[in-house]
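Right, one structure below, let's go through it.
Predicted model only: the values in this text are computed from it and were never measured. In what follows, every chain begins at residue 1, and chains take the letters A, B, ... in the order their sequences are listed.
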Amino acid sequence: MANSEDEKEEDDTEWKYSFVDSIPLIPAAASDPSLNRTSGPTPAHRVILHFDLDCFYAQVEMIRNPALREVPLGIQQKYIIVTCNYVARDLGVSKLMSVTDAKEKCPQLVLVKGEDLTHYREMSYKLTELLMSYCPLVERLGFDENFVDITKIVERRLAETPESNNFSFKGHVYNHTSAELEAQDHPRLALGSHIAAEIREDIKGKLGLTGCAGIATNKLLAKLVCGTFKPNQQTTLLTENIDDIIGSLSSLRKVPGVGYQTSKRLQALGLASVKDLQLFPLNDLAREFGAPSAQRLKNLALGVDESPVTPTGAPQSLSDEDSFKKISSTKEVLEKTRELLSNLVERMRNDGRQPQTFRLTIRKYSATNKWFNRESRQCPIPNHVGQKIPSESSEDALVLLLPLAMKLFHKMVDSSAAFHLTLLNVCFSNLQTKGAAVSGKGSITSFFTQSTSPGKTQQICSSQIQALPTGFQHTFILYVVCRIPPLRTGVVTAWIIRLAHTA
DNA sequence: TGGGTTTCT
DNA sequence: AGAAACC
């Protein structure tokens, strides 16, 4: 409990209440056991959902401008189409196609620039928050995918309405044409398919977004099965069909968790298919990748994935970057960095937390191995600088951060010699939840309007009043639990309040 | 080939 | 600080 001395009783009759002290904000997860970061030991029969929105960026743009729904639409970042709507796909456009190729295939293609992720990010968090209203175990994967562990919901519904295993599956069941009979044998997954359908309808109704869902017993399988029927459909994977879906993968690269590098290393060991990996001796694999990675890889090949759905919560870092053909002068670096930092500080201000670490990343041009030579330097943010960021004038923070950025830049680039950059990135991390800013004249409402993100509504989830032990007459603690988007799932704040008689 | 983000080493 | 993974 915070200090509540400071007992000056002089003007008791002049006010109705006053704030004696405030207790710093505590993330609700720390005080609410049901919001723990992981689901604990994984139950034997989990029900995991994986949601994957259809061409997410394109959907967001079509909501912003419904006229785009009927035309072939591509979302452009620099020289590539990062995603496109289904009208465009039917005309031969595909993801990550170059703008020239896409225009060649489809001259009528309408392009919308998608380099500014603001609207996508906002919609992305709305989705995650909607999912969290069903259950707190939601894990984000990029902007448009989410895992949800609905085991608890399923178990509860099963206990409440035991007759509910009468119904069949909603949507597709992998490798089954008629699912009627299987529902009895897989009550949890059957119920899961109904919950997935409900949630998808809710997403459509509340956010106007469509997407796919996969229902299975772990994250790996839920993600794999999610993509089997593609736009706006859902698929359940029964345990007896795990080998089928794993076996259907055309290469090891298709296994989530096996990226480009790992697939190359596996190939070097003579492994091409999932079956190859399944049969490869674990010891030999461990010599190449180390025991933990080897076991993980082997499990993935078998469809085994015990990893829990880990609630993502608020982001751990905020970054802003831009790529370009060429930046070769310090002045240009300064200007571009100022631009990036300005946006980032604004986003950080909106978040409300205080970053403790700043990082600058660059990409130097090189003819060979052009993609993926990034270098970075980071440094602590001096406390007085960090404090400026969430405050009203973020301009102050900028002028202090910019020299910091340039100092980091000079650690990587000798600006007396010629240089050629193709990317700049600024990043805030080590984000610290600040204390409740209860200004002296503050009322409860001024806290909620002042101390949180402007333009973002804050929900008070609950509040509770607690009397102090004897000796602190007329003094109480008021606890308020609230939500600060995005994904600050709940914050406990507390005031010590002293009441006085209104004579 | 973009603009993010997280986790592991 | 970088590598690698995911989108």
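Nearer to the 5' terminus of DNA chain B, by closest-nucleotide assignment, is the contact made by A/S323 (compared with the other of A/F289 and A/S323).
Atom CG in A/L141 sits roughly 9 Å away from atom C1' in B/dT6 (whole-Å rounding). Distance, A/K95 NZ to B/dG3 P: 17 Å, rounded to whole Å. For A/F143 and B/dT5, the CZ to C1' distance is 7 Å, given to the nearest whole Å. Distance CG (A/L340) to C1' (B/dG3): 11 Å, rounded to an integer number of Å. Whole-Å rounding puts the A/D320 CG to B/dG3 C1' distance at 9 Å.
For DNA chain C, none of the residues of residues 71-90 of chain A falls under the heavy-atom distance limit of 4.0 Å.
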Could you go through A/R359 and A/S317, starting from their C-alpha distance and side-chain angles, then the distance that decides it, and tell me whether this counts as side-chain hydrogen bond (donor to acceptor under 3.5 Å, both in side chains)? CA-CA 10 Å; A/R359 184 203 312 239; A/S317 66; over 6 Å; no
Begin with the C-alpha distance, continue with both residues' side-chain angles, and end with the deciding distance and a verdict on salt bridge (Lys or Arg N to Asp or Glu O under 4.0 Å) for A/K275 and A/D243. CA-CA 10 Å; A/K275 199 91 202 172; A/D243 289 343; over 6 Å; no
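A donor-acceptor contact closer than 3.5 angstrom is absent between the side chains of A/T151 and A/R46.
As judged by a 4.0 angstrom heavy-atom cut-off over every strand, A/V255 is placed among residues touching the sugar-phosphate backbone only. As judged by a 4.0 angstrom heavy-atom cut-off over every strand, A/L318 is placed among residues touching the sugar-phosphate backbone only. Using a 4.0 Å heavy-atom criterion, one finds that A/E145 contacts the sugar-phosphate atoms exclusively. Counting non-hydrogen atoms under 4.0 angstrom, A/D322 reaches the backbone sugars and phosphates but no base. Within 4.0 Å of A/R359, counting heavy atoms only, lies no atom of the nucleic acid at all.
Contact annotation: the side chain of A/D284 never approaches that of A/L269 to less than 4.5 Å [non-hydrogen atoms, C-beta and beyond]. At least one side-chain heavy atom of A/F358 sits less than 4.5 Å from a side-chain heavy atom of A/L408.
Between the side chain of A/N373 and the backbone N or O of A/K364 there is at least one donor-acceptor pair closer than 3.5 Å.
From the 5' end on, the contacts that DNA chain C makes with chain A at under 4.0 Å to a non-hydrogen atom open and close at C/dA1 to C/dC7.
At the phosphate of B/dC8, neither OP1 nor OP2 sits under 4.0 Å from any side-chain N or O atom of A/S293. Regarding contacts with the backbone of B/dT6, a side-chain N or O of A/S317 is found under 4.0 angstrom from either OP1 or OP2. Residue A/S319 places none of its side-chain N or O atoms closer than 4.0 Å to OP1 or OP2 of B/dG3.
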